[in-house]
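Since the structure comes first, as structure tokens, the remarks are kept for the end.
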There are 2 protein chains.
Amino acid sequence: MAPTLKDVAAHVGVHPSTVSRVLRGKENVKISEKTHDKILKAVKELNYIPDFTARALRMKKSFTIGLIVPDILNPYFARIARRIEQLGFNKKYTVIVCNTDEDHDKELLFLNQLISRGVDGIILAPVQDSKDHIVDLIEKKIPLVLIDRVFENLKVNAVITNNADSVMKAVSHLVKLGHKRIAFLRGQKHIYTIKNRLDGYYKALKKFNLQKNKNYVVGEGFEFEDGYEATLKLLKLPKLPTAIVSSGGDLVTLGAIKAIMENGLSIPEDISLIAFFDSLYSPYLATPLTTISHFRKRIGEEAFNLLLKQIESKRKSPIKTICVDTKFEIRNSTAKPKNKK
Amino acid sequence: MAPTLKDVAAHVGVHPSTVSRVLRGKENVKISEKTHDKILKAVKELNYIPDFTARALRMKKSFTIGLIVPDILNPYFARIARRIEQLGFNKKYTVIVCNTDEDHDKELLFLNQLISRGVDGIILAPVQDSKDHIVDLIEKKIPLVLIDRVFENLKVNAVITNNADSVMKAVSHLVKLGHKRIAFLRGQKHIYTIKNRLDGYYKALKKFNLQKNKNYVVGEGFEFEDGYEATLKLLKLPKLPTAIVSSGGDLVTLGAIKAIMENGLSIPEDISLIAFFDSLYSPYLATPLTTISHFRKRIGEEAFNLLLKQIESKRKSPIKTICVDTKFEIRNSTAKPKNKK
DNA sequence: CTGTTAGCGCATTCAT
DNA sequence: ATGAATGCGCTAACAG
């Protein structure tokens with residue numbers, strides 16, 4: 001059996017609470033250097049490791065935070081998660097990462113699991129099928145920060161992105177190149193980010209006086225296959241778009257590229273492509289991608305700090321929504337449209 | 001405050017232990033249907049969530065496993081981790097993922113942290129600076145599975161890859177194409193996988209009667225920059241290699257590609273490239289890569305099952321090393337060498 | 001400066 | 001079929 005405080009105490013001939021005090025250091029209590037040293041020596045000898053579980057039970061504080069994201073394989077969330085773990089590590093917090101696969105039931109399960117484990121706070125990129133459980137969470141006063149996605153009419157700490165503006169910038173770039181038929185490759189419809197990106201798209205169409213075409217808005221998910229299928233649909237249209245804005249992230253975009261290549265079309269000669277894309281690979285793709293990307297480390301930092309402030313402040317700190325800009329990088333996947341009649 | 005067993009019991013007018021029994025179900029104890037139903041109803045009403053921390057303390061079982069990898073941003077480990085989490089979820093285990101950044105001290109810290117948290121088992125891709133702490137772990141009888149990297153003369157459960165053979169296959173492919181000057185882009189020297197890959201490289205040279213050239217073996221790490229710098233070195237050589245085998249994984253390989261492109265060379269016209277590469281992007285790169293890739297899900301599964309068997313078997317199960325093959329996929333980054341004198 | 005006591009929430013043994 | 005009692009390992013309030 002692993003040695004306990006009691007074992008250490010017995011070994012030194014002192015009371016367990018004394019050992020506890022020495023080990024925790026703090027407390028405005030002086031302890032004779034002699035026993036102090038003896039205890040530390042015994043700890044080394046017995047190779048004592050404190051039991052976090054017992055400590056968490058007693059203190060009602062687990063030094064654990066939960067991070068719930070759709071999928072850690074997505075480079076966007078991966079980088080954010082990594083940063084949060086890093087910062088957590090520095091502050092002695094362990095992070096438990098949960099993947100929902102955009103499944104609302106899983107989100108619920110994970111949430112309960114995390115609460116059951118007594119996490120000190122939760123960072124959540126919610127599946128947005130409903131928000132009741134989030135309201136519950138707030139009522140339970142569990143420190144919470146949403147990332148990427150928020151709900152209207154729900155006051156909660158959050159770190160988000162200026163999605164609409166980002167798309168405006170992208171479309172604007174395409175329009176300047178001369179594009180008029182610009183398609184929008186969507187991710188899952190009801191997700192906050194996607195809604196906002198679509199809004200940005202519509203606003204841009206309006207601003208530049210372009211015709212709205214229902215068939216130019218496609219896509220229903222965040223997976224490779226979703227991007228592939230949706231783009232195929234686009235490519236079967238009688239009037240092909242001359243440009244695509246891919247808003248579903250890395251995987252969707254790769255799917256789109258596959259579909260385009262398989263149809264014997266080239267980027268950007270036949271079709272321009274701008275994508276929300278976060279992996280490092282964009283410069284090395286067949287056609288280096290013009291991208292909208294996130295400052296993912298920054299997002300992770302803001303989220304973690306926001307959460308930590310809530311956890312550590314006795315009274316509730318004011319609710320904040322932090323918006324992190326995107327980065328627009330022009331590479332080779334965008335060009336003037338072909339001059340065909 | 002969150003309701004406890006006691007609260008539920010009081011609400012029903014019954015003893016806490018009875019509630020506990022009902023909630024856990026098992027036990028060869030019958031409970032009258034009436035109280036049973038009353039209790040379940042109260043649980044719903046009070047929205048009782050059991051306290052895992054308390055349970056873990058009492059049962060000395062946390063339903064948690066630790067996964068320590070160098071870096072979850074590496075697609076190789078990301079996919080493995082994801083699979084382990086998935087399987088864990090099915091079996092009610094929570095997974096705590098830790099990233100060492102190939103830092104031995106961090107590995108030690110994480111290991112202690114996990115033990116302190118009372119994990120039921122650990123899956124570890126060790127930084128291989130020493131193995132003492134691993135021996136400790138085994139002595140503590142904490143269920144353990146190594147992945148990717150093992151130590152000589154250390155009996156421990158592990159899931160590894162046939163690294164040497166994979167490289168043999170790769171070099172063999174290059175030789176058949178006519179290459180004679182084949183360089184080896186290494187990752188960190190002292191890592192098991194890398195050693196084995198290098199062995200495979202040397203064996204292949206011998207087999208095909210090619211000259212060993214010390215300058216053709218470069219590279220010291222697993223990061224993008226490592227690959228970039230090392231490849232630059234290669235490209236400064238008076239006699240350029242006509243092919244490179246990149247054994248350091250995705251990032252290193254991207255770094256190599258960048259270096260090659262920046263030097264105005266083309267793949268595969270000027271230089272062929274085979275890489276250990278696990279991300280989905282390989283077909284869409286500027287030159288679709290000929291790759292050696294892993295069955296990552298499979299590796300995750302084997303590791304998890306091996307660990308679970310240890311955790312759940314009362315007596316220690318026999319120690320096993322499982323070797324998972326790699327997949328060799330020929331794409332466009334390998335071709336005949338240029339016919340220059 | 002250190003010992004005593006109590007209890008976090010739960011599972012479990014022993015009663016009844 | 002259920003209640004009572006005990007303690008997992010630790011921290012914290014109170015003594016002295």
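Lettering of chains follows the sequences in order, A, B, ..., and the numbering in each one begins at 1.
The existence of a salt bridge linking A:E312 and A:K92 is excluded, since no basic side-chain nitrogen approaches an acidic carboxylate oxygen closer than 4.0 Å.
Between B:R21 and D:dA1, a side-chain N or O to OP1/OP2 separation shorter than 4.0 Å is absent. Taking only side-chain nitrogens and oxygens, B:K61 never comes nearer than 4.0 Å to OP1 or OP2 of D:dC8. OP1 or OP2 of D:dT2 lies within a sub-4.0 Å distance of a side-chain N or O belonging to B:T35.
As rounded to whole Å, 17 Å separates atom C1' of D:dG9 from atom CD1 of B:I115. Atoms CG (B:L5) and P (C:dC10) sit 4 Å apart, rounded to a whole Å. Summarising the geometry, the separation between CD1 on B:I39 and P on D:dG3 is reported as 8 Å, rounded to the nearest angstrom. Between the CG atom of B:D7 and the C1' atom of C:dC8 there is a distance of 13 Å, rounded to whole Å. Spacing between atom CG of A:D37 and atom P of C:dC1 amounts to 14 Å, rounded to whole angstrom units. Rounded to whole Å, atom P of D:dA12 lies 6 Å from atom CE of A:M59.
Comparing C:dG9, D:dC8, C:dT12 by their closest approach to the side chain of B:K60 singles out D:dC8. Comparing D:dG9, C:dT2, C:dT12 against the side chain of B:L57 picks out D:dG9 as the nearest. The side chain of A:H15 lies closest to C:dT5, out of C:dG9, C:dT5, D:dC14.
If you check residues 42-55 of chain B against DNA chain D, you find no residue with a heavy atom closer than 4.0 Å.
Checking A:S32 against B:A2, the closest nucleotide of DNA chain C that is more toward the 5' end is the one next to A:S32. Residue B:V14 is the one, among B:V14 and A:P3, whose nearest nucleotide of DNA chain D lies closer to the 5' end (criterion: closest heavy atom).
Around NZ of A:K309, the count of heavy atoms belonging to other residues, nucleotides or ligands within 6.0 Å does not exceed 12. Applying the 6.0 Å contact sphere to NZ of A:K320 captures no more than 12 heavy atoms from other residues, nucleotides or ligands.
There is no side-chain donor-acceptor pair under 3.5 Å between B:T64 and B:R117.
As judged by a 4.0 angstrom heavy-atom cut-off over every strand, B:S17 is placed among the base-contacting residues.
Considering A:I39, A:L40, A:D7 as possible partners of A:V19, the one that fulfils the side-chain contact (heavy atoms from CB on, under 4.5 Å) test is A:I39.
The aromatic rings of A:H133 and A:H104 sit perpendicular to each other, their planes meeting at more than 60°, with 30° as the lower class boundary.
Within the 4.5 Å cutoff, the side chain of A:L308 has no heavy atoms near those of the A:I65 side chain.
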